[in-house]
Every structure is written in structure tokens, then in C-alpha cells.
Amino acid sequence: MSADIHSEAFIQEAQELLQELEASLLELEDDSENTELIARIFRAMHTIKGSGAMFGFENIAHFVHDIETAYDMVRNGELRVSKPMLDYSFKSCDVIKQMLDDSSVRAESGEALEIITFFRGCRKDTGDAQNTVPEHQDEPEQGPERTYRIRFEPSENIFLTGTNPAMLLEELQAMGESEIITHITRIPEIEELDPECCYTFWDVILTTSKTENDIRDVFMFVEDESVLKIDVIYESGLDEENYRKLGEILVEKGEVSAEDLAAIIKEKKMIGEMLIEKGLVEQDAVVSALEEQKYIKNLKAKKAAAENNTSLRVPSEKLDSLVDLVGELVTVQARLNQTAASMGDSGLSKIAEDVERLVWELRDNTMSIRMLQIGTTFSKYKRLVRDLAKDLGKDIELVTKGEETELDKTVIEKLGDPLVHLVRNSVDHGIELPADRIAAGKSPRGKITLSAEHSGDSVLIRITDDGKGLDKKVLMKKAAEKGLISENAELSSKEAFELIFLPGFSTAAAVSNISGRGVGMDVVKRNIEALRGTIEIDSSIGKGTEITLKLPLTLAIIDGLLVRIGEQFFIIPLSMVNECIEFKESLHRTESGRCILKVRDDLIPYLKLRSIFFIPEEEPEIQQIVILDIENNRIGFVVDSVIGDHQTVIKSLGKSFKKVECISGASVLGDGSIALIIDVMKIYNSVG
Amino acid sequence: MIEMRMEKQADGKTILHLSGELTISNVRPLYERVCEGLKAPEELTVHIGNVDAIDCTFLQVLCTAHRAYTAKGKSFCVKLDDCGIIGKAGWSGIAPGKKCAKGLFGTCFLIQEGE
Amino acid sequence: MAKTILTVDDSASIRQMVRFTLVKEGYEVIEACDGKDALSKLQSGAANMVVTDLNMPNMDGITLIKELRAKPQYKFVPIIMLTTESQDSKKAEGKAAGATGWIVKPFKPEQLVTVVKKVLG
């Protein structure tokens with residue numbers, strides 16, 4: 001979506017540049033020595049190429065490259081403007097226009113190729129022939145875990161290029177476990193000190209699975225001016241007898257020569273002290289080597305402890321494929337049951353039952369492996385709240401509960417963005433400034449609670465704040481202003497709160513940097529629904545707001561209700577199903593165009609899935625109506641017949657079906673036929 | 001922004017209160033103040049209060065000043081309200097109780113007198 | 001408070017992309033279309049970081065970097081230059097003028113974010 005806005009902006013800009021380019025070329029025809037014009041032409045080509053490559057117009061970038069090079073040469077006086085060059089330049093404007101309209105126009109064919117060939121001929125071979133668009137770098141390979149010693153001596157003037165060496169060290173720290181030793185021996189006497197120079201240098205001992213190149217990348221901008229030395233000092237698997245002796249480390253680092261060391265060792269004293277005493281090594285160097293020794297010793301101890309532990313690290317892809325396989329197995333098992341039942345062989349039925357039991361166990365076990373504690377993600381919100389609160393001048397404490405609650409890994413991953421947004425919202429809009437809180441008789445410190453708990457086959461996540469709460473009147477006024485509801489609409493508090501989930505609604509008077517980032521609550525709601533979850537909001541003025549997310553434990557398998565319409569099978573998530581009743585056309589009545597069904601004393605709106613999915617066959621006389629409970633509202637779906645429970649292994653539909661509304665996936669039935677999983681929320685939302 | 005405030009105490013010692021952004025853009029005033037104090041018969045305590053950011057230029061000045069004052073037989077110490085701030089800037093390698101490389105053998109400005 | 005980044009580029013679509021990408025990351029973004037414009041924008045408001053193109057009319061990126069480094073309040077501010085692969089010598093020239101680092105065009109939004117986080121935090 002965002003890419004589209006950018007490419008549109010580019011197309012518009014390129015068209016303007018082309019106009020300018022044509023005008024300049026016309027002028028250049030009469031005034032071929034005008035450097036100002038040439039510079040302008042070069043710049044236009046340069047921008048078209050650079051921006052083109054950025055926004056997906058690689059063909060344009062590729063095409064313009066040689067023309068740009070030619071004009072660069074003209075600019076530098078290496079080439080003269082000629083009549084054919086101008087002709088081809090005009091033609092190239094037309095080609096670029098075509099390319100803007102039609103991305104399939106290739107740079108290396110037809111007229112484009114002719115033009116490129118001409119411009120290539122213009123310049124002597126400079127070597128860097130075509131290669132306009134550098135290939136995107138591959139994902140960095142994760143190597144085995146190694147321990148590096150990194151010596152970083154920045155140039156004294158490092159601050160003058162806007163670099164803070166501390167940030168580089170922090171970047172290293174983020175790569176893994178580390179120990180930093182600061183060397184201050186080069187800090188001069190106070191009179192000679194230039195306070196804006198950097199005299200400090202560092203040894204970093206870092207254990208990481210990143211490669212040496214990744215480490216070098218950290219110093220990419222400063223490597224030329226700095227001393228950077230990276231050595232591997234420990235690698236798991238390469239087993240060394242013992243951590244190295246202090247003297248060896250110093251020799252390896254070049255702090256002392258092997259001969260001096262040998263001489264010292266003969267005196268049989270503490271090596272470190274001796275070396276310093278004799279003025280052979282700086283104290284710093286010894287301290288650094290001692291730290292290194294200690295670090296490796298700890299590392300080995302930790303590794304030994306880890307080996308005794310029975311837990312095992314497995315790449316998550318392996319787990320994903322295991323889940324897929326179990327899914328297949330569940331499907332095959334259903335087929336086995338069906339076949340066994342139809343053959344009426346009691347021996348086979350017995351085996352089928354045993355297999356079924358084992359498959360369920362296997363399924364549950366596999367699912368539990370994928371479960372992660374949600375607490376791992378909670379910790380990052382503490383930092384988020386702290387930083388945001390500070391920026392806003394608020395005092396906020398984040399309390400987390402239920403960190404041990406387990407959720408499917410995929411759900412946890414996809415929950416990140418919505419949660420960040422909700423927490424930001426609470427900090428930004430929920431909690432008041434300390435002064436306002438005191439005025440309202442509350443403690444100046446606000447409190448946000450993030451909690452998780454199990455509830456049946458779902459997990460409830462709550463974000464609660466003790467802030468100012470949502471004001472129904474303000475919400476409604478805002479919504480009316482934005483034309484989301486009519487001026488005199490009557491809404492319950494709950495309905496009013498839900499207004500914030502409407503696209504284009506934002507409660508902050510001024511769009512702030514923190515929550516007003518173009519991503520609204522509507523997106524949060526969509527994300528949660530994509531996880532087959534729901535979001536509810538409750539608030540009371542002056543007391544605070546509570547948002548509750550209800551999420552399924554797992555995404556891979558759901559309990560579904562299998563139904564049939566015509567020849568097609570559908571699955572409705574069982575957790576939403578309230579009841580199934582027989583439906584006779586004659587019993588229903590229409591009220592103001594809506595289909596309403598009376599069940600006991602309730603009036604329940606219903607719709608026919610047949611018409612939603614455009615299934616042409618005749619309706620049978622007796623149909624079934626499945627009544628669902630969605631966000632405390634009941635709605636009925638009319639189907640031909642209800643077949644029963646179905647353990648549904650969800651298969652995604654693949655890209656070509658991405659646009660299919662109202663279907664969230666598919667499942668394979670025991671006999672190999674396909675059942676489509678109904679996206680109940682989509683249908684519900686589309687009918688209001 | 002940096003905040004610097006001097007406080008003369010009855011016992012003749014001077015306390016220099018620092019808070020805010022202790023970073024390179026603001027380091028020069030501290031340096032000049034410390035140099036000035038070195039010439040005067042002054043004992044100095046640098047009190048680091050609420051710190052938003054700190055970089056190695058500040059540590060460099062404190063370190064070299066500590067050396068210079070000590071050489072002249074004058075007291076120079078650093079008091080931290082939030083010991084975490086320098087420690088948190090783990091890159092500094094200088095955290096109370098950990099000290100800089102020099103501190104393990106000699107004296108370091110982070111070692112309080114009597115410690 | 002949110003950090004402010006100045007994007008300087010004569011290409012409006014690049015500026016838009018930079019703005020879009022960085023605002024999403026919680027930064028504030030101000031725009032300038034060339035070096036001259038950048039200097040005047042910085043007179044009315046301050047920036048914590050500058051991302052500048054090199055090839056621009058009126059005042060190019062290198063000159064802008066030199067001008068900024070001469071100002072006390074921009075002496076230590078990170079400045080990232082946008083270069084193209086054909087401008088290796090420009091990269092050196094920019095560094096000499098005081099640029100903090102560079103991003104090679106074409107770049108993806110994530111690359112921009114990585115570099116900004118790297119130098120600005």
C-alpha cells in the first residue's frame with residue numbers, strides 16, 4: 001500500500017522532470033556549450049534514475065544509467081554534445097514516458113536498446129559497464145556462536161563527523177553477551193586535553209552468532225579512520241584444554257613480546273604485576289587481559305551447565321514443518337476412520353481408533369511445543385512505557401501479570417504491533433499529566449497494567465490504565481464531525497467506545513508523535529481479527545480504560561462446525577457457534593428488508609450463506625440455521641445441512657485467493673474434498 | 001541542554017552540580033570550570049544528578065581532572081545520584097564497584113575516599 | 001521529545017519516502033529541497049540529524065555539510081549523505097567534509113531506518 005503512494009509520487013515527479021528535461025534539451029540545441037543547461041540535464045537524469053530504482057522502476061533506472069553517464073562526461077568536459085546525441089536524448093524522453101505507463105517495457109529491447117547502445121558507444125570503455133542496480137544483499141548468514149575480541153580505537157576526531165562511539169559499542173552489545181573494557185591511558189594531562197576529542201578506546205569481548213563481517217559492518221562509517229582489530233578468541237566446538245594463561249593473551253594481543261614474557265616467567269611471580277612493574281605493559285592492558293580470561297572462564301562454565309540441561313534448541317522452521325505434517329496426519333486419520341467405518345471390519349475399526357487416539361496426543365504435544373510464554377514480549381513494553389512517559393513528561397508505571405501464560409508462537413509474533421499500539425495509546429491518551437492527576441485527586445504516578453490469562457481455548461490479554469477514561473460525548477462529537485455517525489445518533493456507551501475502531505477516527509485533539517502515526521485503532525482491530533481474535537473496550541470517565549483482547553491459543557488447528565451448502569462444504573469456527581436449529585422458510589418474517597428470525601423470545605437477524613457465496617443450486621425445503629455469538633450479538637447463518645464437529649487443520653489459500661472475501665482458509669476433509677473456512681468476522685462486519 | 005550550578009560550602013569545598021545532557025556539545029564549560037578550579041585553592045566535588053545522556057568526553061574530563069587535582073594534593077570526587085547511569089552506559093566500562101581499568105590498581109575518580 | 005530529522009533532496013518522491021519511513025518510526029521530519037533551503041529551514045527550527053542528497057541545485061550536499069559543520073550547534077550532529085554507486089569519490093569527499101555516513105541509492109526504507117537508528121539511536 002505504502003509502495004503505491006510512493007510510486008505514484010515518483011510518476012508525477014518524473015513527468016515534471018521530463019518536461020523540464022525536454023525544455024532544457026531544446027535550449028541545448030541552440031546553445032550546446034551551456035554548462036548550466038548540461039548540469040540541469042544531468043541532474044534530471046540522475047534523479048529519474050535514482051528515484052526510479054528506489055520505487056520499483058528498475059527498467060527506467062537501467063535505461064537512464066548510460067545516458068546519465070554520457071551527460072556526466074559532457075559535464076566534466078570529456079564529451080561534446082552532438083546532434084545525434086540530442087536526437088537520442090529526445091527519443092529517450094519518450095521511452096521513459098512509455099516505461100512510466102507500462103512497467104513491462106524493457107530497457108534492453110526495441111527502441112530503448114538502440115538508444116542505450118548509442119550512449120554506450122559515446123564513452124570510452126570505463127569498465128563499469130551496466131550494473132546500475134546493485135543486487136540486494138542476501139540475509140546475513142548466522143554462523144556458529146563465537147567469542148570475539150574487538151579492539152576499537154576511534155580517531156581522536158570521531159565526534160567531528162557526528163559519530164558517538166558509544167552508539168557503536170551499544171550496537172555491539174545488542175549482538176550478544178559482551179564485556180567492555182575501557183582504556184583511558186591515552187587521556188592526556190588536563191592542560192593538553194581537548195575536551196572535544198576522543199582519547200578513550202575499548203576492548204569488547206563479544207559472544208555472538210554473527211560473523212566477523214557483521215561486526216565490521218557496525219564500524220562501517222568509521223573503519224577508515226579508526227583502528228579496528230577483530231579476533232576470534234573462543235569458538236564452541238573447538239575445545240581447548242583450559243582458558244588461556246594471562247601471558248599468552250598479552251602476547252597474542254601484541255602487548256608484550258614472547259621473549260619478555262619468557263624472561264618474566266622465570267622469575268615466578270604474578271605475571272601481571274611483574275609486567276607492570278617492569279614497565280613492559282600498561283596496567284590497562286593487563287586488566288583487559290584479565291577480564292578476557294575471566295569472561296572465557298565464565299562462558300565455559302555456563303556452557304557446561306547448559307549441556308547438563310535437557311532442553312534443546314531447534315530452529316523454528318523445523319517445528320513449523322512438524323506442525324504441517326501433523327496436520328496432514330490428522331487429515332489422513334480422518335480418511336482412515338471413514339474407510340474403516342464403511343468397510344465394517346471390526347479389526348480395522350479398532351486400529352483406526354488407536355491411531356486416532358495417538359494422533360490426537362501427537363497433535364496436542366506438537367502444539368504445546370509451539371507454545372511460548374508471553375512474558376518474553378512483555379519486557380520490551382517496560383522500556384517503551386518508560387521512554388514514552390519521559391518524552392511526554394508523565395510518570396507511569398507498567399505492571400505486568402500472567403507472564404507465564406502460553407500462546408502459540410505465531411500468535412505472539414503477530415501480536416507485537418497491535419500491543420505496542422495499544423500500550424502507546426494508553427500512555428499518550430489514557431494517562432494524564434502528573435499535575436492533572438493530582439488535581440483529579442489521583443496519585444501523580446499513573447499505572448498501566450498488562451496482563452494475560454487463559455480462558456477456555458482462548459487467551460485474554462488486557463491493557464488497563466487508570467487514566468482519564470473515554471468520554472462518550474467527545475467520542476460521539478468527533479465521530480459526527482468526521483461523518484462517521486449522524487449528528488443525533490443515539491449510542492450506548494459501549495457503542496460509543498467502539499467508534500475508535502472505525503477507520504479515520506483519532507481521539508487526540510492534535511495528532512501526536514506517539515500514537516497518531518497514521519496507524520489507527522482500526523488497523524489494530526483488523527490485525528487482531530486476522531488472528532481470529534476479538535477486541536473489546538470498556539472505560540469509565542476519570543477512572544480509566546480497559547481493553548481486552550481475546551485470542552485463540554493456536555492458529556494451526558481449530559475446532560470447526562462442518563456444514564454443507566449445495567455441493568460445497570464450509571467450516572464455521574466452533575467457538576463462535578451458539579446453537580443450530582431447523583429452519584423453514586415459512587417461519588421467518590422480514591422486517592424493513594432485514595431477515596429476522598424469532599428464536600424463543602429473541603429476534604435474531606440472519607443471512608443466507610448461499611447468497612453470499614453465490615451458490616446456484618435450489619434451496620432444499622428444510623434448511624438449518626447456525627446461530628453464532630459474535631461480540632455478544634447473535635446472528636444466524638442459513639445452510640443446507642449441518643454435518644458435525646470437524647478438527648480443522650487450517651491451510652492457507654495461497655496468494656491468488658488472497659482477495660477472496662469472507663474465506664479465511666481451507667481444510668481437507670477425510671474423503672479428500674475441500675471445505676472452506678468461513679471468515680465470520682468479515683461477514684459480520686460487512687453486514688454491520 | 002546541560003545544567004551547571006556551583007555551590008560553595010561552609011567548609012570551603014565547592015560542589016559542582018551537573019544534570020541534563022552530559023555530552024560533547026556541552027563538555028567545554030565543564031572543562032573550563034575544572035581548569036579554573038585547579039588554579040584556585042579549591043577542593044571540588046562534582047555532583048551528577050539527573051542525567052539524560054552521557055558520553056565519553058565527560059568521563060575523560062572527570063578522569064583527567066581527578067588525576068590533576070590528586071597530583072596537587074587537592075580533593076576531587078564525583079558523586080552520582082543514580083549510580084546506574086554510567087553503569088547503564090555499559091560501554092564506559094566504568095561502573096561503581098567495577099571501576100575503570102586503571103581503578104583496579106591505582107586510583108579512579110569513581111572510587112570514593114575511604115572506600 | 002521526539003527527535004527531528006531534516007531530509008534534504010531535490011527529488012520530492014525521495015523526500016516523501018524518507019518522511020513516510022521515519023515518521024512511522026516516531027521521528028519528526030522536516031524537508032528541504034536543496035542546501036540553501038536546508039540552511040534556512042534550520043534557522044527557524046533545529047534538527048537532531050540531517051539526511052542529505054549530494055547532487056542538488058543551488059547548493060549541493062557537500063557544501064551543505066561543510067556549512068553545517070562550521071556552525072557550533074551542528075558540529076556534532078549526525079549527517080548522512082545519499083550517494084549513488086557511481087560516486088565513490090563523492091563519498092570520500094563527503095566524509096572529509098564531515099559526513100557521518102552514507103546510504104547508497106537505491107535503498108529500501110528498512111536500510112534508512114537501520115542507519116538512522118545506528119547514528120541517532
Side-chain angles (χ1 to χ4, degrees), chain A residues 2 5-14 16-17 39-40 42-43 46-55 58 61 65 68-69 72 128 131-134 136-137 159-164 166-168 170-171 196 218 220-222 224-225 388 390-393 424 512-514 517-519, chain C residues 1-4 9-17 20-21 23-28 49-50 53-57 60 65 68-69 74-80 82-88 92 94-102 104-109 111 114-115 117-121:
Chain A
S2 67
I5 336 173
H6 295 318
S7 59
E8 249 161 55
F10 168 73
I11 292 177
Q12 202 190 346
E13 181 180 21
E16 283 162 18
L17 282 168
R40 216 186 295 161
F42 168 76
R43 226 170 19 236
H46 187 73
T47 304
I48 291 175
K49 178 182 117 175
S51 306
M54 300 259 314
F55 303 118
E58 275 87 5
H65 176 71
E68 182 208 5
T69 312
D72 193 25
D128 77 321
N131 200 12
T132 55
V133 184
H136 295 303
Q137 283 172 353
F159 282 105
L160 297 179
T161 55
T163 305
N164 181 353
M167 306 250 280
L168 303 175
E170 274 168 24
E171 222 176 301
E196 290 177 354
V218 170
M220 177 168 78
F221 295 148
V222 297
D224 292 346
E225 298 86 24
L388 289 181
K390 202 169 146 219
D391 282 355
L392 294 166
R424 277 170 180 272
S512 79
N513 227 326
I514 290 160
R517 300 188 310 159
V519 188
Chain C
M1 286 314 292
K3 290 183 170 160
T4 303
D9 206 304
D10 54 338
S11 159
S13 56
I14 302 258
R15 287 202 306 268
Q16 182 193 304
M17 185 263 213
F20 190 88
T21 307
V23 165
K24 223 166 45 178
E25 290 296 319
Y27 298 103
E28 250 168 60
M49 176 176 173
V50 177
D53 190 22
L54 289 184
N55 221 308
M56 293 178 294
D60 68 5
I65 295 171
L68 286 177
R69 286 292 181 234
Y74 289 101
K75 205 168 162 188
F76 308 115
V77 165
I79 305 179
I80 293 293
L82 304 178
T83 67
T84 56
E85 78 287 349
S86 57
Q87 288 177 310
D88 246 354
K95 274 237 82 178
T100 311
W102 57 86
V104 176
K105 287 199 270 189
F107 58 90
K108 289 193 258 176
Q111 285 170 283
T114 312
V115 170
K117 293 233 160 104
K118 180 185 183 71
V119 300
L120 190 57

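Below, chain A is the first sequence line, B the second, and so on; all start at residue 1.
When heavy atoms are compared at a cutoff of 4.5 Å, C/Ala99 approaches chain A solely by way of its backbone atoms N, CA, C and O. For A/Glu225, the part sitting under 4.5 Å from any heavy atom of chain C is the side chain, from C-beta outward, and nothing else. Of the two parts of C/Ile65, neither the backbone nor the side chain holds a non-hydrogen atom closer than 4.5 Å to a non-hydrogen atom of chain A. Neither the backbone nor the side chain of C/Met49 comes within contact range of chain A; no heavy atoms are under 4.5 Å apart. Only the side chain of A/Thr47 comes within contact range of chain C, with at least one heavy atom under 4.5 Å from a heavy atom of that chain. Residue A/Leu168 touches chain C through its side chain alone, counting heavy-atom pairs closer than 4.5 Å. The contact between C/Val119 and chain A is made by backbone and side chain atoms together, counting heavy-atom distances below 4.5 Å. Both the backbone and the side chain of C/Asp10 have a heavy atom closer than 4.5 Å to some heavy atom of chain A.
Between the side chain of A/Arg43 and the main chain of C/Asn55, no donor-acceptor pair closer than 3.5 Å is present. Not a single donor-acceptor pair under 3.5 Å links the side chain of C/Glu28 to the backbone N or O of C/Ala2. A donor-acceptor pair under 3.5 Å is absent between the side-chain atoms of C/Lys95 and the main chain of A/Thr161, judged by distance alone. Under the 3.5 Å distance criterion, the side-chain polar atoms of C/Thr100 are left unmatched by any main-chain donor or acceptor of C/Ile80. The backbone N or O of A/Glu68 sits nowhere less than 3.5 Å from a side-chain atom of A/Lys49 that would complete a donor-acceptor pair. A donor-acceptor distance shorter than 3.5 angstrom exists from the side chain of C/Lys118 to the backbone of A/Val218, with no hydrogens or angles considered.
Between chain C and the options A/Met220, A/Glu196, A/Arg40, A/Glu16, the largest number of non-hydrogen pairs under 4.5 Å is found for A/Glu196. Per-residue counts of heavy-atom pairs under 4.5 Å with chain A were compared for C/Gly98, C/Pro57, C/Pro109; the largest is that of C/Pro57.
Using a 4.5 Å cut-off on side-chain heavy atoms (C-beta onward), C/Leu82 and C/Phe107 make contact.
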